[in-house]
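Some notes on the structure that comes next.
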Amino acid sequence: MKNAIATLLFLIAFLRLPAQMVIPNDYFRSPLDTVMLLSASFGEIRAGHLHSGIDIKVFEKEGMPVLAVADGFVVRVKVSPVGFGNALYIDHPNGFTSVYGHLQRFSNEIQKYIRKEQYERESFDVDVFPGKDLIRIKKGDTIGYAGNSGTSFGPHLHFELRDTKTERPINPLHFGYNIKDTLKPIISSLIIYPFGDSSSINKNYFPVQYPLEGTDTLHPSLIAEDTLCLAGNIILASKRKI
Ligand SMILES: [Zn+2]
């Protein structure tokens, strides 16, 4: 259980804002010109990692223009059949980096630049770091189009904001974005996930879900019939009843 507590503390540390960090709440605009609805939140548990951004809905269609959230310059362009697929990283003068993943394609200027790199390297997969100021961007410029590239299960925009110096992702919702969410969460069960190759729960490598009793109160209790046998790092998560 010691490891479990350590992992839980890690998760809490991931979700908390770094001490003394000043977060502007009116600096960045939305990366899409539409109402912001999320299909995934920051810090959700994924296979072997925590979700480092938010997934914004594009209403199941590819091709919605993706806009630069502030002035800056492109510092990284990555093309890959897995992960974030076509991804773009922009550094901003206030010390944050915005990341846009699973793009269908880039803007014409960036697309031209990346084609040249692909031909020169004779490779579809490229991870390019353009020099500072080579590709300057203005707030609101179309930098690409939302898509479903890489490891993605439907069109959406994966969006991140990172501390440029440490590359640590920060929950974009701290930056003053207005997300439409009117549902009060009610926790219905506790899920225990193994986190890492040497982790197990009751000698199995699959997540285990336990229902909770009294979920409308502040202190629901766990319905578990037996002692849990945990090994390695695990993560505790709650399931929301909608
Ligand atoms: Zn995502």
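Counting convention: from 1, in listed order, for ligands and their atoms alike. In what follows, residues are counted from 1 in the order of the sequence shown.
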### Query
Of the options Leu161, Asp26, Asn25, which is the one that meets Phe175 in a side chain to side chain contact (heavy atoms under 4.5 Å, CB included)?
Leu161
### Task
Using the side chain to side chain contact (heavy atoms under 4.5 Å, CB included) rule, pick out the option among Tyr89, Phe84, Phe159, Phe106 that qualifies with Tyr100.
Phe159
### Query
For the residue pair His158 and His51, does the interplanar ring angle fall in the parallel (under 30°), tilted (30 to 60°) or perpendicular (over 60°) class?
perpendicular
### Message
For Glu60, I'd like to know if atom CD has over 12 heavy atoms of other residues, nucleotides or ligands within 6.0 Å.
### Response
no
### Query
Any donor-acceptor pair under 3.5 Å linking the side chain of Asn86 with the backbone of Gln104?
yes
### Task
Keeping waters out of it, list the protein N, O or S atoms under 2.8 Å from the Zn ion (ligand 1).
His51 NE2, Asp55 OD1, His158 ND1
### Query
Is it true that a side-chain atom of Gln209 and a backbone atom of Ile191 form a donor plus acceptor pair closer than 3.5 Å?
no
